[in-house]
Number of protein chains: 2
Amino acid sequence: MIFTTKAEYGVRLMVELGRQAKPGGAATSLKAIAAAEALPLAYLERIVALLKKAGLVESTRGAHGGYRLSRTPAEITMDDVVLALEGTVAPMNCFVDDTDGSSRVLCSHESDSGHACATKLLWLRVQGGVMEKLAQTTLAELVEFSHREPAATASALKNEQEDLTHA
Amino acid sequence: MIFTTKAEYGVRLMVELGRQAKPGGAATSLKAIAAAEALPLAYLERIVALLKKAGLVESTRGAHGGYRLSRTPAEITMDDVVLALEGTVAPMNCFVDDTDGSSRVLCSHESDSGHACATKLLWLRVQGGVMEKLAQTTLAELVEFSHREPAATASALKNEQEDLTHA
DNA sequence: CGCCAATCCTACCAACGAGGTCGGAGATGA
DNA sequence: TCATCTCCGACCTCGTTGGTAGGATTGGCG
Ligand code: FES
Ligand code: FES
């Protein structure tokens with residue numbers, strides 16, 4: 001399992017915020033989002049706190065308050081979102097995360113018996129692949145994707161897969 | 001955390017088997033591998049059972065028995081290994097795995113309120129990126145990589161990263 | 001002003017999976 | 001026969017995660 005459902009909820013929350021893309025307009029209450037996406041409200045509160053700490057959303061307190069994006073959806077890449085939620089995208093727990101940007105590699109089987117850690121190469125490649133894909137995807141893309149009818153999902157994903165295969 | 005330490009141990013086990021690449025030669029006992037890599041023997045037994053079930057290793061029972069690769073290291077790609085160990089590389093628990101090959105997408109937020117599941121596009125992209133990187137890496141590469149001195153690790157990884165960035 | 005609707009914040013909990021162990025039952029060469 | 005090795009299932013323990021409870025603030029609005 002690459003990501004936790006916390007990330008899923010967070011991304012879905014961001015998409016919902018991006019759907020009513022009001023640059024500096026009215027805020028959307030968490031209650032509305034929770035109802036629209038059928039997610040537990042109390043849990044969303046904790047998730048959105050992470051997004052706010054990362055500067056991805058802004059909040060307005062009090063009655064008729066809520067949250068709005070601090071940037072336009074096209075300017076938000078998913079690596080920002082996922083990093084804010086998961087803290088780090090480490091392939092393995094032996095990749096110690098400094099949480100001050102990119103996770104630093106600090107594998108425990110280094111220079112033991114005279115040969116390098118065999119798995120580090122593989123994990124680094126995979127991590128690179130994940131981060132690449134996350135950085136390539138903007139929130140605007142997901143918003144646009146979710147606006148299509150579910151019937152169009154199959155073909156859209158087919159195109160995606162083809163793009164991936166001969167990439 | 002993308003992979004579990006079970007995958008780490010399994011890959012390291014495979015590398016150790018690939019290091020003495022005897023095509024049909026003598027088998028290596030788990031005890032020797034556990035000692036060489038400082039891994040718990042009892043746990044390795046359970047891991048290697050998965051590799052055997054997937055047809056990646058062959059076993060010889062009894063005294064002087066052990067395990068050997070059923071193919072040459074160059075013919076073994078890491079997606080085989082990881083799939084055998086982890087069962088599936090699902091980005092999210094809403095991706096139900098059929099375990100009969102590629103995990104089938106069966107997301108729970110399909111066709112609810114008239115719009116497609118927003119996160120599916122992202123998770124599929126990430127999963128594609130991971131599988132791509134896994135399939136590109138052969139066991140022979142890891143064996144060769146682990147033969148270098150640890151001092152050479154830094155530069156080797158630097159080259160890797162550069163390959164990744166302008167890829 | 002007083003209510004209500006929101007964000008905020010902390011502590012707490014239950015379930016699950018993952019890492020790991022134990023003990024034994026077959027196989028097999030020396 | 002005996003040491004050694006694979007095999008197999010039950011069992012345990014710990015950390016993480018998803019989720020809740022309950023409140024303290026903040027601020028619009030009648
Ligand atoms: S110890 Fe896991 S990557 Fe080196
Ligand atoms: S429900 Fe998670 S991808 Fe659709």
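Because the structure is a prediction, the values reported are computed rather than measured. Lettering follows sequence order; numbering is per chain, from 1.
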query = Nearest to the side chain of A:Lys6, which nucleotide is it out of C:dG29, D:dG28, D:dG18?
reply = D:dG18
query = With sugar-phosphate meaning primed atoms plus P, OP1 and OP2, does A:Lys53 contact a base, only sugar-phosphate, or nothing at under 4.0 Å between heavy atoms?
reply = nothing
task = May I ask you to check whether B:Arg19 and B:Ser146 show a side-chain donor-acceptor distance below 3.5 Å?
result = yes
query = Ignoring hydrogens and angles, are the base of C:dT28 and the side chain of B:Arg61 linked by a donor-acceptor pair under 3.5 Å?
reply = no
message = Could you work out, with side chain to side chain donor-acceptor pair (under 3.5 Å) as the rule, every residue matching B:Lys52, not counting sequence neighbours?
response = B:Ser59
ask   = Between D:dC5, D:dT25, D:dC8, which nucleotide gets closest to the side-chain atoms of B:Lys31?
value = D:dC5
remark   = Looking only at D:dC7, C:dT7, C:dT21, the nucleotide nearest the A:Ser29 side chain is C:dT7
note = Separation of C:dG23 atom P from B:Tyr43 atom OH, nearest Å, is 20 Å
task = Kindly point out which of C:dG19, C:dT7, D:dG18 is positioned nearest to the side chain of B:Thr4?
result = C:dG19
key: With sequence neighbours excluded, residues passing salt bridge (charged side-chain N to carboxylate O under 4.0 Å, His left out) with B:Asp80   = B:Arg71
query = Picking from C:dC8, D:dT6, C:dT28, which would you name as closest to the side chain of B:Leu30?
reply = D:dT6
remark   = A:Leu50 CG to C:dC8 C1', in whole Å, measures 13 Å
query = Rounding to a whole Å, what distance do you find between B:Arg68:CZ and D:dT6:C1'?
reply = 12 Å
ask   = Would B:Arg12 and B:Glu16 pass as an ion pair if we require N to O under 4.0 Å?
value = no
d(CE, A:Met1; C1', C:dC16) in whole Å = 12 Å
query = Just how far, in rounded Å, is C1' of C:dA18 from CD of B:Glu86?
reply = 10 Å
inquiry  = Between P on D:dT6 and CG on B:Leu44, what's the gap in Å once rounded to a whole number?
reply    = 10 Å
task = Let me know, please, whether B:Val48 or A:His64 comes out on the 5' side of the other along DNA chain D by nearest nucleotide.
result = B:Val48
remark   = dist B:Leu69:CG -> B:Leu56:CG (nearest 0.5 Å) comes out at 8.5 Å
query = For C:dG19, does either OP1 or OP2 sit under 4.0 Å from a side-chain N or O belonging to B:Tyr9?
reply = no
query = Under 3.5 Å, is there an N or O donor on one side and an acceptor on the other linking the side chain of A:Arg46 and the base of D:dT17?
reply = no
key: Phosphate-side-chain proximity, B:Ser59 and D:dT6, N/O vs OP1/OP2 below 4.0 Å   = no
query = Over how many whole Å does the gap from A:Leu41 atom CG to D:dG23 atom P extend?
reply = 17 Å
ask   = From the list D:dA3, C:dT21, C:dC8, which nucleotide is the closest neighbour of the side chain of B:Pro40?
value = C:dT21
task = Take the protein atom CD of B:Glu45 and the nucleotide atom C1' of D:dC5, then report the distance between them rounded to whole Å.
result = 9 Å
